[in-house]
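Order of appearance sets the numbers: ligands from 1, and atoms from 1 within every ligand. Predicted, not measured: the structure shown is a model, and the values here were computed from it.
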Amino acid sequence: MTEPFVTRGFVGRRDQEDSGGISGDERGRRTPPGQYLTNDFPVLSAGPTPRTPLDRWAFRIEGLVSHPLEWSWSEFLALPAREWVVDISCVTKWTHLDMRWKGVSLDTLFENVELEPSAAFVIAWSDGGYTTNLPLADVLNNQAFVAFEYDGRPLAPEHGGPARLVVPARYFWKSAKWVRGLRIQDRDEPGFWESLGYHNRGDQWLEERYSGD
Ligand SMILES: Nc1nc2c(c(=O)[nH]1)N[C@H]1C(S)=C(S)[C@@H](COP(=O)(O)O)O[C@H]1N2
Ligand SMILES: [Mo]
């Protein structure tokens, strides 16, 4: 993981702008196949940006759990949160290294419920009707979090604010914006893009872009 520090003067101005101090070697290693690096943060939404007032916002865990759970916005903000610095890859081929978020691990949320033995899949659902599916095994052990800050600021509405799921090890469509809940199921169920021909799993290192990949 540790890379020799490369000074700005050494890598030159263009690299400096592109890399944020990460060496070319390391950038190469961290770029999944078929992706290019960017420092931009494009907006990609399938519909209009929903704007649920915070006093009507709640986050729910339901389905195959001992009892459904719901947090209000203030309760959610009181949960233990941490900073996450992660690389994000979008199926439209951009990869943005070291994106800095603040949010709550799904592990923390699941600490508050008992999953039934048959629990195997998570359906994340959002304001506006978007859904995406993930095996539980792909989100446990700090592989996913619900973010409410990006780059030190409240998450912008067009990027999923007040809160979005972030699953760095999958293409970005799995990171449901405006997420409002997780439904735990024993069976898998394709979400919005997965039903429209995107890959069911979406591992960017295996280039699982479309359903035939
Ligand atoms: N609710 C919701 N979540 C969503 C989407 C969406 O349309 N609605 N688009 C997905 C797709 S395809 C991508 S690439 C990312 C884009 O997130 P961004 O707009 O913050 O870059 O959000 C994902 N999450
Ligand atoms: Mo996307």
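- Looking at R153 and E149, no side-chain N of the basic residue comes within less than 4.0 Å of a carboxylate O on the acidic one, giving no salt bridge.
- In terms of protein heavy-atom proximity, atom 7 (O) of ligand 1 is nearest to A46 N, 2.6 Å.
- Remark: ligand 1 and K177 share an N or O pair separated by less than 3.5 Å (distance only, no angle test).
- Look at P42 and you'll find a heavy atom under 4.0 Å from some atom of ligand 1.
- Contact annotation: for F172 versus ligand 1, heavy atoms closer than 4.0 Å belong to both the backbone and the side chain.
- Considering backbone and side-chain atoms alike, S175 places an N or O below 3.5 Å from some N or O of ligand 1.
- The aromatic rings of W173 and Y198 sit perpendicular to each other, their planes meeting at more than 60°, with 30° as the lower class boundary.
- Below 30°, between 30° and 60°, or above 60°: for F145 and W84 the angle between ring planes is below 30°, a parallel geometry.
- Short contacts between ligand 1 and V43, defined as distances under 4.0 Å to a heavy atom of the residue, involve ligand atoms 19 (O).
- With ligand atoms numbered from 1 in the order given, ligand 1 contributes 7 (O) to contacts under 4.0 Å with heavy atoms of S45.
- For the residue pair S45 and K177, a side-chain donor N or O sits within less than 3.5 Å of a side-chain acceptor on the partner.
- Ring geometry, F192 versus Y130: the interplanar angle falls from 30° to 60°, so the pair is classed tilted.
- Judged by the shortest distance from any of its heavy atoms, A176 lies inside the 4.0 Å radius around the atoms of ligand 1.
- A tilted orientation is assigned to the rings of W71 and F59, their planes being inclined by 30° to 60°.
- The shortest separation from a heavy atom of R164 to ligand 1 is under 4.0 Å, placing the residue in contact.
- In the model, S66 has no side-chain atom that pairs as donor or acceptor with a side-chain atom of E114 under 3.5 Å.
- Closest to atom 14 (S) of ligand 1 among all protein heavy atoms lies C90 SG, 3.3 Å.
- Protein heavy atom at the shortest distance from atom 10 (C) of ligand 1 is Y130 OH, 3.5 Å.
- With a heavy-atom cut-off of 4.0 Å, S126 touches ligand 1 through its side chain alone.
- Only the side chain of F41 comes within 4.0 Å of ligand 1, counting heavy atoms alone; its backbone N, CA, C and O stay farther away.
- With no hydrogens or angles considered, no side-chain donor-acceptor pair links D107 and N141 at under 3.5 Å.
- With hydrophobic clusters built from ILVMFWY side chains whose heavy atoms lie under 4.5 angstrom apart, V86 does not share a cluster with L109.
- Here W178 has side-chain heavy atoms under 4.0 Å from ligand 1, and that is the only part of it that gets that close.
- Considering D98, T95, L37 in turn, D98 is the only one that fulfils the side-chain contact (heavy atoms from CB on, under 4.5 Å) rule with R30.
- Protein heavy atom at the shortest distance from atom 16 (C) of ligand 1 is L44 O, 3.5 Å.
- Taking the six-membered ring for Trp, W101 and F148 have ring centres at least 6.0 Å apart.
- Contact annotation: for W193 versus ligand 1, heavy atoms closer than 4.0 Å belong to the side chain alone.
- Taking atom 11 (C) of ligand 1 as the reference point, the nearest protein heavy-atom neighbour is W173 CA, 3.6 Å.
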